[in-house]
2 protein chains.
Amino acid sequence: MVSLNRISEICGVSLGTVSKALSGKPGVGDATRERILSVAREHNYRPNRLVHAIQRGRSMMVGVTCSQFDDEFAGNIVAGMFEALYQDHYDAMVIQWERSVQDGVRALSNLAGRRVDGILMFPPAAYPEGAYLDELRSFPNPIVVVDQTWPGCGYDLVGSQDVEGAFAATEHLIELGHRRIAHLGFLHGSTGRDRLKGFQDAMIRHGVAIHEKWLRDLQSYPSEEPYALTRELLSGPDRPTAIMAFNDEVALQALAAAADLGLSVPGDLSITGFGDLSVVRHVRPQITTVTQDPREIGRRAAKLLIKRIEEKHENQAAPAAMQDRLPARLLVRQSTGPCPTAT
Amino acid sequence: MVSLNRISEICGVSLGTVSKALSGKPGVGDATRERILSVAREHNYRPNRLVHAIQRGRSMMVGVTCSQFDDEFAGNIVAGMFEALYQDHYDAMVIQWERSVQDGVRALSNLAGRRVDGILMFPPAAYPEGAYLDELRSFPNPIVVVDQTWPGCGYDLVGSQDVEGAFAATEHLIELGHRRIAHLGFLHGSTGRDRLKGFQDAMIRHGVAIHEKWLRDLQSYPSEEPYALTRELLSGPDRPTAIMAFNDEVALQALAAAADLGLSVPGDLSITGFGDLSVVRHVRPQITTVTQDPREIGRRAAKLLIKRIEEKHENQAAPAAMQDRLPARLLVRQSTGPCPTAT
DNA sequence: CTGAAAGCGCTTACAG
DNA sequence: CTGAAAGCGCTTACAG
């Protein structure tokens with residue numbers, strides 16, 4: 001790539017003149033400007049944005065850490081982030097979280113070394129600890145956490161109303177007459193714990209007994225574990241009539257397990273998911289679920305981060321961390337139905 | 001973030017000495033080095049990698065353009081890329097392709113402005129044209145295209161053996177006795193055209209007639225169109241006994257359409273997918289499909305790009321563009337079975 | 001209108 | 001062992 005210097009040589013003018021001409025600043029003769037512009041075009045000159053970043057002390061680059069892209073939810077969050085970042089002329093440097101946790105210090109210090117103006121963090125269930133967390137805390141610019149948080153996190157969060165969504169799903173099952181409701185949860189993460197809380201709240205509110213034996217906690221996820229746990233749950237003599245699953249993918253596996261056991265859904269068993277992935281519409285029965293708006297979560301997180309960056313640049317005092325949780329609404333489809341009459 | 005300059009002030013030594021001390025170069029007294037290191041640590045100093053990039057003429061950053069992250073296939077490709085990039089100490093700047101095509105010149109010129117050392121391109125079906133393609137051609141560094149290509153592309157490609165995979169799937173249906181085989185294709189993209197070719201090759205090889213009326217071309221994808229097209233295909237008096245779908249998501253919708261029409265799969269209808277997404281294992285019947293290895297595709301693409309970058313840096317002549325296509329194997333599951341006896 | 005100089009944050013020969 | 005200077009690719013006051 002040609003440099004300004006090279007162009008100034010070619011045109012026989014000084015560096016400063018070329019700079020002014022190319023950035024459209026006044027104070028350059030028309031003929032000179034024309035000549036410079038045409039030479040620049042001919043050589044395909046692009047101003048080096050790394051230099052801008054150094055000079056201004058702002059890279060206009062944001063770090064995005066994400067544990068996995070391979071599902072629709074994460075993908076849409078990231079897509080929403082990109083949308084908002086692009087609008088405000090920020091670029092995104094992406095690092096994969098698993099890696100960054102494993103080899104955390106290097107990945108994070110990379111981000112600091114590149115002088116990113118902030119970090120959008122989509123954390124995995126295994127939240128950061130130890131040296132990694134120290135490195136994170138030493139990062140000098142704003143951080144916004146997305147979807148999931150952890151004890152003592154202290155950063156801004158944009159996520160979903162997990163408690164409320166789970167409450168609505170549970171209430172729906174109760175209103176259908178179900179009393180024997182299992183919960184297939186994922187308690188390693190804050191969203192899973194929130195959803196369990198929504199479940200418990202609804203059960204208590206409606207005076208329905210919670211049976212420990214029907215409460216499960218996924219240990220490794222994603223995996224085939226939800227399928228196995230569901231089979232186990234449904235194989236005993238004393239089985240639940242409804243299962244509230246941590247999310248759509250878990251619900252999908254629960255559905256498969258029910259099918260393999262010859263149980264009809266929703267005839268024998270009702271199942272709810274969480275997230276409204278497109279796949280739950282393409283499956284029969286279509287799964288009753290709770291909507292989330294990952295795209296909007298991503299957008300809002302990026303906008304909030306940009307706001308924090310601006311605030312910091314104007315030397316405003318850092319405001320207290322906030323939580324922005326988007327509504328999660330119940331979407332009734334085909335996988336839930338009236339409780340089968342007890343035998 | 002403190003600068004070297006600031007640290008040299010604090011320590012009362014020159015810039016050069018600080019630089020040498022922090023980068024572990026010889027020629028600094030032990031006491032001085034200790035003092036500098038401790039001050040740097042205390043102030044959380046991170047060398048500014050943007051400066052390195054300018055000085056070396058290498059940013060150690062690669063641009064990744066991707067149309068969508070919201071599916072497992074794309075997500076794993078990107079994950080594979082990150083894995084290989086990280087190993088060789090490259091970072092990734094990611095831009096979303098839809099955006100970059102729409103507003104193409106800005107996004108690409110961004111990449112050039114950031115001086116990325118190369119581009120990993122995961123193109124959408126709507127391949128680049130016009131001003132965008134011009135901008136792409138003017139990009140001075142290596143480019144590797146992934147999964148899908150376009151007429152006159154001219155860049156290295158890492159993808160799958162789409163023709164062979166589709167051939168195997170079709171042959172499988174033929175061997176099950178099917179003769180009335182529909183193809184739900186997506187001919188806007190090269191992968192779709194390749195899969196159609198594999199289909200045609202197998203049909204011709206086995207002397208099975210291809211019926212135009214059972215050949216469909218999805219216009220908008222992703223969408224609900226596959227569902228609608230399948231219903232149409234299956235509703236006439238003269239319906240196929242097997243459908244070969246462009247990919248797993250299309251197959252999933254075909255399965256839903258069949259279920260809604262009361263057709264049993266594979267009793268009345270056989271369906272094949274392509275891609276081996278995890279969801280096709282969690283659905284009943286599990287879908288017969290063709291495996292792809294997106295993670296390895298991503299890894300290889302990144303490695304190839306890095307190789308090209310090194311070659312270029314050693315002033316080697318640019319080698320001819322190559323295609324690296326990974327095996328796509330047939331995976332028989334539950335959605336394909338013997339052709340029902342004609343009535 | 002044009003140029004020379006300082007500076008952003010570094011590294012790397014080269015003096016002392 | 002330590003420092004001063006040049007240079008990477010720019011921008012921005014400030015002279016002329």
Side-chain angles (χ1 to χ4, degrees), chain A residues 1-37 39-40 43-61 109-117 140-141 313, chain B residues 1-37 39-40 43-61 109-117 140-141 313:
Chain A
M1 179 73 69
V2 283
S3 65
L4 263 204
N5 213 326
R6 184 85 192 87
I7 294 184
S8 77
E9 281 171 22
I10 297 174
C11 297
V13 284
S14 79
L15 243 188
T17 302
V18 176
S19 174
K20 270 181 275 184
L22 289 179
S23 54
K25 298 258 160 63
V28 186
D30 282 353
T32 320
R33 164 164 276 138
E34 274 313 311
R35 192 152 39 95
I36 293 171
L37 284 177
V39 168
H43 288 264
N44 236 302
Y45 174 73
R46 304 270 167 236
N48 189 329
R49 304 238 276 132
L50 303 175
V51 174
H52 281 239
I54 292 174
Q55 290 176 329
R56 307 226 170 155
R58 267 184 94 158
S59 62
M60 292 308 285
M61 180 107 132
S109 119
N110 248 359
L111 244 25
R114 295 270 186 196
R115 296 294 187 268
V116 298
D117 294 327
N141 291 330
H313 246 253
Chain B
M1 179 75 70
V2 283
S3 65
L4 262 204
N5 214 325
R6 183 85 192 86
I7 293 183
S8 77
E9 281 171 25
I10 297 174
C11 297
V13 284
S14 78
L15 243 188
T17 301
V18 176
S19 174
K20 270 180 277 183
L22 289 179
S23 53
K25 298 258 161 63
V28 185
D30 282 353
T32 319
R33 163 164 277 138
E34 273 315 309
R35 192 152 38 94
I36 293 171
L37 283 178
V39 168
H43 289 263
N44 235 303
Y45 173 74
R46 303 270 167 237
N48 190 330
R49 301 237 279 131
L50 304 175
V51 174
H52 280 240
I54 292 174
Q55 290 176 329
R56 306 227 171 155
R58 268 184 95 157
S59 62
M60 292 307 284
M61 180 107 131
S109 121
N110 247 0
L111 244 24
R114 296 270 185 194
R115 297 293 188 270
V116 297
D117 294 327
N141 291 331
H313 245 254

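In what follows, every heavy atom counts, from backbone to side chain, and hydrogens, waters and symmetry copies are set aside. Sequence lines set the chain letters: A, B, ... in the order given, protein chains first and strands last, and positions in each chain run from 1.
Atoms CD and CG, on Q55(A) and L50(B) in that order, are 11.5 Å from each other to the nearest 0.5 Å. The structure places CG of L15(A) at 4.5 Å from CG of N5(A), a figure rounded to the nearest 0.5 Å. Note that NZ of K20(B) and OG of S14(B) are 7.0 Å apart. Values are rounded to the nearest 0.5 Å. Distance check, rounded to the nearest 0.5 Å: CG of L111(B) to OG of S59(B) gives 9.5 Å. Note that CE of M61(A) is 6.5 Å distant from CZ of R114(A), once rounded to the nearest 0.5 Å.
Heavy atoms of S3(A) sit under 4.0 angstrom from primed sugar atoms or phosphate atoms, though from no base atom. Backbone-only engagement by T32(B) is indicated by non-hydrogen atom pairs under 4.0 Å involving sugar-phosphate atoms exclusively. Note on G29(B): only backbone sugar-phosphate atoms sit closer than 4.0 angstrom, heavy atoms only; bases stay farther off.
Taking the P atom of each, dG7(D) and dA4(C) are spaced 15 Å apart, rounded to whole Å. Remark: the separation of the P atoms in dG9(D) and dT2(C) is 24 Å, to the nearest Å.
Taking atom CG of residue N5(A) and atom C1' of nucleotide dG3(C), one finds them 14 Å apart after rounding to whole Å. Rounded to whole angstrom, the span from the NZ atom of K20(A) across to the P atom of dA4(C) amounts to 12 Å. Rounded to whole angstrom, the span from the CZ atom of R6(B) across to the P atom of dG9(C) amounts to 12 Å. In this structure, the CG atom of L50(B) is 16 Å from the C1' atom of dT11(D), given to the nearest Å. To the nearest angstrom, C1' of dA4(C) lies 10 Å from CG of L15(A). In this structure, Q55(B) atom CD and dG9(D) atom C1' are separated by 11 Å, rounded to whole Å. Rounded to a whole Å, the CD1 atom of I36(A) is 14 Å from the P atom of dC10(D). Rounded to a whole Å, the CG atom of N48(B) is 14 Å from the C1' atom of dG9(D).
Of the side-chain N and O atoms in T17(A), one or more sit less than 4.0 angstrom from OP1 or OP2 of dG3(C). In this structure, K25(B) reaches the dT12(C) phosphate: one of its side-chain N or O atoms is under 4.0 Å from OP1 or OP2. Within the 4.0 Å cut-off from OP1 or OP2 of dC10(C), not a single side-chain nitrogen or oxygen of S19(B) is found. At the phosphate of dC10(C), neither OP1 nor OP2 sits under 4.0 Å from any side-chain N or O atom of H52(B).
Candidate nucleotides dC10(C), dT2(D), dC8(D) were compared by shortest atom distance to the side chain of V28(B), and dT2(D) ranks first. Across dC8(D), dC10(D), dT12(C), the shortest atom-to-atom separation from the side chain of L4(A) is found for dC10(D).
Map P26(B) and G16(A) each onto its nearest nucleotide of DNA chain D; the residue landing nearer the 5' end is P26(B).
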Exercise for the section: Take N110(A) and R49(B) through the side chain to side chain donor-acceptor pair (under 3.5 Å) test and state the conclusion after the steps. Expected result: CA-CA 8 Å; N110(A) 248 359; R49(B) 301 237 279 131; 3.0 Å; yes
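With a 3.5 Å ceiling on both atom-pair distances, dA13(D) lacks any Watson-Crick or G-U wobble partner.
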